[in-house]
Amino acid sequence: MTDDSWGPGPQTRRAGKPRASTIAEVARRAHVSPATVSRVMNGRFVGDPEVAERVRRAAAELNYSPSPLARSLALGETRTIAFVVPDIGNPTFQAMLSGLSKSAAADGYRVLVADSTEDPEEEAVLAVETRRACDGLVLCAPRMPDERLHALLPVLRPVLLINRGGARFDAPSLSVDYGLGIQHLADHLYGLGHRHFLYLEGPAPSSSNQARVEGLNAFARRTGDVQIDRIPAGSASADGYRSGEAVRASGATAVLAYNDLVAVGLMSALAEMGVDVPRDISVAGFDDIPLVRYVTPRLTTVSVPYEPLGTEAWKRLHALIKGETPSHDLVFQPRLQPRDSTAAPPVRVTVED
């Protein structure tokens, strides 16, 4: 016995995963061209059925599977869409993504996600780049100016807009009535007796922030006896936390935060400063993310059906991809969710001489 007997001889093939067959090998076995194999495998062959059967039989015998990339190039489709958002860390966008991705998956599509980090310039670049790699685009809460969005729409189609619709854009859209939602919150606080309000504003380029401001202006005109101050904040919990000192110094008895994350950050700062919510000041959020039902105190907010919004987004984008007319635009209505973070304003005791 020689040393060679302990290992594989020179003619022995190494065990492992079998080599994948190529389209050329299938073509040779079926006695057709590679182009014919491609058309048969992609369902676009219109010739003799016997030829198609021969190709399928050869592919099965050789265990041939078309490359997904090659198939996408041949068909001119990727079975992928993109979801561009300003901040994927925000639970509202995650809820939209959940509805969108589940619905798309049921139709055999995947979803790419791109986060613009609240940067309007980055958002425009991401929208164009991701659209080149997919079959359609969901552009969520775009921050870019109107004129920039108008210019990009022809490049991005098929595209669906979320929270940036209306007749001024030639694209289907879904949106939330943020103006009405914040009026629901303001009316709730007004009914409790509050007359001095403070609004912690969201990102300046945000159209949904502007809708909230307009809603509060309408509320002020309707009631006629309220004061509404505004402080620039943002959309993250850290923005609410940083606003704590300004809120305490404002003299307001009720705070309306841009969203739930800002409200939770603010309540944390107020707790550290010894300001009791809602005994000293009432705080309300916006969105009704799952977290706010478990913080102390539980947050008063308005509920928005973000996951169904994502589902409806897919229905419309899928219709566009198929060359069909999508369903009409929708505006989702927020619902008031009063909880423990709002109460009657504190009684101001005046001391007479």
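Residues Ile289 and Thr92 are in side-chain contact: their nearest non-hydrogen atoms beyond the backbone lie under 4.5 Å apart. The side-chain heavy atoms of Met273 and Arg248, taken from C-beta on, include a pair separated by under 4.5 Å. When side chains are defined from C-beta on, Ser175 does not count as touching Ile162, because their heavy atoms never get closer than 4.5 Å. Gln183 places none of its side-chain heavy atoms less than 4.5 Å from the side chain of Leu185. Looking only at side-chain heavy atoms (C-beta outward), Val128 and Leu152 come within less than 4.5 Å of each other. Two residues are said to be in side-chain contact when any heavy atoms from C-beta on lie closer than 4.5 Å; Val51 and Glu53 fail this criterion. Using a 4.5 Å heavy-atom threshold, the side chains of Leu137 and Leu160 count as separate. Residues Val138 and Leu100 form a side-chain contact, since some pair of their non-hydrogen atoms from C-beta on lies under 4.5 Å apart.
Salt bridge status for Asp87 with Arg143: absent, with no side-chain N to carboxylate O gap under 4.0 Å. Contact check on Arg222 versus Asp187 returns a salt bridge, with a Lys/Arg side-chain nitrogen under 4.0 Å from an Asp/Glu carboxylate oxygen.
Side-chain atoms of Asp115 come within 3.5 Å of backbone atoms of Thr117 as a donor-acceptor pair (strictly under, hydrogens ignored). Between the side chain of Asp280 and the main chain of Pro346, no donor-acceptor pair closer than 3.5 Å is present. Of the possible donor and acceptor atoms, none in the side chain of Glu123 sits under 3.5 Å from a partner among the backbone N and O of Pro86. A donor-acceptor pair is defined here as one N or O able to donate and one able to accept, closer than 3.5 Å; no such pair exists between the side chain of Asp329 and the backbone of Leu174. Between the Arg195 side chain and the Tyr190 main chain, a donor and an acceptor come within less than 3.5 Å of each other. Counting only distance, with no hydrogens or angles, the side chain of Ser282 and the backbone of Ala343 share a donor-acceptor pair below 3.5 Å. In terms of modelled atom types and a separation under 3.5 Å, the side chain of Thr130 and the main chain of Ala127 share a donor-acceptor contact. A donor-acceptor distance shorter than 3.5 angstrom exists from the side chain of Ser103 to the backbone of Gly99, with no hydrogens or angles considered. Side-chain atoms of Ser341 come within 3.5 Å of backbone N or O of Val283 as a donor-acceptor pair. A donor-acceptor pair is defined here as one N or O able to donate and one able to accept, closer than 3.5 Å; such a pair exists between the side chain of Asn209 and the backbone of Gly202.
In this structure, a donor-acceptor pair under 3.5 Å is present between the side chains of Tyr241 and Glu272. The closest side-chain donor-acceptor pair between Asp229 and Ser250, if any, does not fall under 3.5 angstrom. In this model, no donor atom of one side chain and acceptor atom of the other lie less than 3.5 Å apart for His196 and Thr253. In the model, Asp135 has a side-chain atom that pairs as donor or acceptor with a side-chain atom of Thr78 under 3.5 Å.
The nearest pair of heavy atoms linking Val159 to Leu153 is CG1-CD2, 3.7 Å. Residues Gly234 and Tyr258 share a closest heavy-atom pair of O-CD2, 3.6 Å. Taking each heavy atom of Gly181 and Pro334 in turn, the nearest pair found is CA-CG, 3.8 Å. Summarising the geometry of Leu198 relative to Val247, their closest heavy-atom pair is CD2-CG2, 3.7 Å, with the distance given to 0.1 Å. Closest of all the heavy-atom pairs between Ala233 and Ser243 is CB-OG, 3.9 Å. The nearest pair of heavy atoms linking Ala104 to Ile81 is CB-CD1, 4.5 Å.
For Phe197 and Phe219, the gap between ring centers is short of 6.0 Å.
Cation-pi geometry between Arg212 and Phe286 is satisfied (NZ or CZ under 6.0 Å from the ring centre, within 45° of the ring normal). Under a cutoff of 6.0 Å and an axis angle of 45°, Arg164 and Phe169 do not form a cation-pi pair.
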Could you walk me through whether Val292 and Arg339 pass side-chain contact (heavy atoms from CB on, under 4.5 Å), step by step? CA-CA 10 Å; Val292 302; Arg339 297 195 180 101; 3.8 Å; yes

For side-chain contact (heavy atoms from CB on, under 4.5 Å), just list the numbers for Met96 and Phe83, CA-CA rounded to whole Å, side-chain angles, deciding distance to a tenth of an Å, and then say yes or no. CA-CA 10 Å; Met96 282 187 214; Phe83 183 57; 3.9 Å; yes

Can you check side-chain contact (heavy atoms from CB on, under 4.5 Å) on Ser116 and Val85, steps first, answer last? CA-CA 6 Å; Ser116 67; Val85 297; over 6 Å; no

I would like to know whether Glu25 and Arg29 meet salt bridge (Lys or Arg N to Asp or Glu O under 4.0 Å); could you show each step before the answer? CA-CA 6 Å; Glu25 290 170 332; Arg29 176 165 293 200; over 6 Å; no

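Checked options Arg298, Arg293, Arg335; the residue passing with Asp288 is Arg293 (criterion: salt bridge (charged side-chain N to carboxylate O under 4.0 Å, His left out)). Of the candidates Leu256, Asp239, Val262, Val262 is the only one forming a side chain to side chain contact (heavy atoms under 4.5 Å, CB included) with Leu200.
Of the inter-residue distances, the one linking Asp287 atom CG with Asn90 atom CG reads 6.5 Å to the nearest 0.5 angstrom.
Sorted by first and then second residue, the salt bridge (charged side-chain N to carboxylate O under 4.0 Å, His left out) pairs involving residues 302-313 (not counting sequence neighbours) are Lys102-Glu307, Glu312-Lys315, Glu312-Arg316. For the ring-ring contact (aromatic ring centres under 6.0 Å, His included) condition, the pairs that include at least one residue of residues 92-139, sequence neighbours left out, are Tyr109-Trp314, Tyr109-His318.
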